[in-house]
Amino acid sequence: MAESLYDRYMKAAAASRAHGETCEGCSPDARCDTGQRLYESLARLQDAYLAKQKERRG
């Protein structure tokens, strides 16, 4: 069974948090290449999830 958008969003959030907790190259003001990629993935999934929620309420 395919993962739901919500599940992918939550996994991306967890991966981004976990990376930020262990990476010495990431800070609140800057991210390493991997941290940036994880953050961008999280942001895309968050945008898609919130748009879907808004559509449902519309």
Side-chain angles (χ1 to χ4, degrees):
M1 183 174 179
E3 287 184 309
S4 70
L5 177 57
Y6 178 79
D7 290 336
R8 290 183 291 146
Y9 167 38
M10 290 296 103
K11 281 187 179 182
S16 183
R17 274 193 313 273
H19 176 81
E21 291 171 358
T22 60
C23 180
E24 294 184 18
C26 288
S27 70
D29 301 323
R31 294 180 184 89
C32 72
D33 289 342
T34 300
Q36 184 64 31
R37 181 183 55 78
L38 290 168
Y39 176 79
E40 288 172 0
S41 176
L42 168 59
R44 279 192 306 274
L45 287 164
Q46 182 179 46
D47 288 346
Y49 178 76
L50 293 174
K52 189 173 183 178
Q53 291 299 304
K54 186 175 181 179
E55 184 180 295
R56 286 182 180 175
R57 290 185 202 125

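What you see below is based on every heavy atom in this structure, not just the backbone, and it leaves out hydrogens, waters and symmetry mates. Along the sequence shown, the residues carry numbers beginning at 1.
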Extract all donor-acceptor atom pairs below 3.5 Å that involve side chains of residues 38-58 and protein atoms in other chains or at least two apart in sequence.
| residue | atom | partner | partner atom | Å |
| --- | --- | --- | --- | --- |
| Glu40 | OE2 | Gln36 | NE2 | 2.8 |
| Gln46 | NE2 | Tyr9 | OH | 3.1 |

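Under the salt bridge (charged side-chain N to carboxylate O under 4.0 Å, His left out) criterion, the residue pairs touching residues 5-21 are Glu3-Lys11, with sequence neighbours excluded.
Considering only residues two or more places apart in sequence or on other chains, Cys23 meets the side-chain contact (heavy atoms from CB on, under 4.5 Å) condition with His19, Cys26, Cys32.
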